[in-house]
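A quick write-up on the structure given underneath.
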Amino acid sequence: MPSATFDARWRVHCHRCLHGLAALALVAAVNAFAQDKSPVRSFDIVQNDDGYVATVVMFAPVPTGVAWDVLTDFDNMQKWVPNVRESKVAARDGNTLTVEQKGVARFGLLSFNYESARRMQLDPKNTILSTQVSGSMRRLVSLMKVSPDGAGTRLDYKLEIEPAGIAATVLSKKFLQHEVTEQFTAIVGEMVKRGK
């Protein structure tokens, strides 16, 4: 085989190998972030007579636009949020949406099924105010604030929840912290995938 032909084929082979290794490294990095690295910077839960108030600060290493697109992709959340089985936008009126979801919350041996219809009031790329209009909880209100933070996005999340039925018997601070952390680790993992 002539030397020039061999060199050309060798360069093509090395180029393909490097591309394959780069792709594997990217997949490994995304999986490691999604599975092992929590986006949570701080987490505070206060228990009162009726339920819990959780205040969470998180960081996503993606632009604000990417974070917003994932947070508001309600029709596809069951694809990447582990405790969501069904999710869809049932009604839309400008920046106000009604989102219906069903799923199961699990922590150790404890679990409960849930369903909810929530009114989502969107201030695009700034805030999402979510209020349960019907569902498994006695009361469920959350506010997500999205803001630029260096090379990424800061997520400030406040959740007020009053459980009912079986949820009231199994929900605890640890259960709630586990659910919120698992949910947002998966959501930020999806942001990272889309941001690549």
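It should be emphasised that the depicted structure is a prediction, and the values quoted were computed from it without experimental measurement. We number each residue from 1, following the sequence as shown.
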Take Asp123 and Asn95 through the side-chain contact (heavy atoms from CB on, under 4.5 Å) test and state the conclusion after the steps.
CA-CA 7 Å; Asp123 178 6; Asn95 286 325; over 6 Å; no
Kindly list each side-chain donor-acceptor pair under 3.5 angstrom involving residues 135-142, sequence neighbours excluded, with atom names and distances?
{"unit_1": "Ser136", "atom_1": "OG", "unit_2": "Glu115", "atom_2": "N", "d": "2.9"}
{"unit_1": "Ser136", "atom_1": "OG", "unit_2": "Glu115", "atom_2": "O", "d": "3.3"}
{"unit_1": "Arg138", "atom_1": "NH1", "unit_2": "Pro163", "atom_2": "O", "d": "3.0"}
{"unit_1": "Arg139", "atom_1": "NH1", "unit_2": "Glu160", "atom_2": "OE1", "d": "2.9"}
{"unit_1": "Arg139", "atom_1": "NH2", "unit_2": "Glu160", "atom_2": "OE1", "d": "3.0"}

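- The CD atom of Glu86 lies 8.0 Å from the CD atom of Gln78; values are rounded to the nearest 0.5 Å.
- Across Gly195 and Val66, no two heavy atoms sit closer than the pair N-CG1, 4.1 Å.
- A chain of hydrophobic side-chain contacts below 4.5 Å, direct or via other Ile, Leu, Val, Met, Phe, Trp or Tyr residues, connects Ile45 to Leu171.
- If you take OG1 on Thr127 and NZ on Lys145, they are separated by 8.0 Å, rounding to the nearest 0.5 Å.
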Begin from the C-alpha positions of Gln132 and Glu162 and carry the test side-chain contact (heavy atoms from CB on, under 4.5 Å) through to its verdict.
CA-CA 11 Å; Gln132 179 183 270; Glu162 294 178 18; over 6 Å; no
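- Using a 4.5 Å cut-off between side-chain heavy atoms of Ile, Leu, Val, Met, Phe, Trp and Tyr, with links allowed through other members, Ile161 and Val40 fall into the same hydrophobic cluster.
- Ile128 and Val53 end up in different hydrophobic clusters when Ile, Leu, Val, Met, Phe, Trp and Tyr side chains are linked at under 4.5 Å.
- Atom OG1 of Thr153 is separated from atom CE of Met58 by 11.5 Å, given to the nearest 0.5 angstrom.
- Considering all non-hydrogen atoms of both residues, Val192 and Pro61 come closest at CG2-CG, 3.8 Å.
- Other residues, nucleotides and ligands place no more than 12 heavy atoms under 6.0 Å from the CG atom of Asp93.
- Between Leu71 and Phe184, the closest side-chain pair of non-hydrogen atoms falls below 4.5 Å.
- Scanning both residues, Met144 and Tyr157, for their nearest heavy atoms gives CE-CD1, 3.7 Å.
- No path of Ile, Leu, Val, Met, Phe, Trp and Tyr side chains, each step under 4.5 Å between heavy atoms, connects Val57 with Ile187, placing them in separate hydrophobic clusters.
- When every heavy atom of Asp149 is checked against every heavy atom of Phe59, the shortest pair comes out as O-CE1, 3.5 Å.
- A distance of 6.5 Å separates CG of Leu97 from CZ of Phe74, quoted to the nearest 0.5 Å.
- A donor atom on one side chain and an acceptor atom on the other are not found under 3.5 Å apart for Glu182 and Asn83.
- The minimum heavy-atom distance linking Ala54 with Leu176 is given by the pair CB-CD2, 4.4 Å.
- Side-chain contact between Glu179 and Leu159 is absent, with no heavy-atom pair separated by less than 4.5 Å.
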Derivation and outcome, side-chain contact (heavy atoms from CB on, under 4.5 Å), residues Asp73 and Arg194
CA-CA 12 Å; Asp73 190 3; Arg194 294 193 191 188; 2.8 Å; yes
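- Between Met77 and Gln183, the closest side-chain pair of non-hydrogen atoms is not below 4.5 Å.
- Val70 is not listed as a side-chain neighbour of Val62, based on a closest heavy-atom distance of 4.5 Å or more.
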Name every donor-acceptor pair, under 3.5 Å, that has one atom in a side chain of residues 98-105 and the other anywhere in the protein, sequence neighbours excluded.
{"unit_1": "Gln101", "atom_1": "OE1", "unit_2": "Arg118", "atom_2": "NH2", "d": "2.5"}
{"unit_1": "Gln101", "atom_1": "NE2", "unit_2": "Ser87", "atom_2": "OG", "d": "3.0"}

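- Following chains of ILVMFWY side-chain contacts shorter than 4.5 Å, one can reach Val188 starting from Trp80, so the two form part of one hydrophobic cluster.
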Report the C-alpha separation of Leu122 and Trp68 in whole Å, then their side-chain angles, then the decisive distance to 0.1 Å, and conclude whether the side-chain contact (heavy atoms from CB on, under 4.5 Å) test is met.
CA-CA 10 Å; Leu122 310 182; Trp68 181 263; 4.1 Å; yes
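- Of the inter-residue distances, the one linking Ser147 atom OG with Leu155 atom CG reads 8.0 Å to the nearest 0.5 angstrom.
- Of the possible polar contacts, none joining the Asp69 side chain to the Ala67 backbone as a donor-acceptor pair under 3.5 Å is found.
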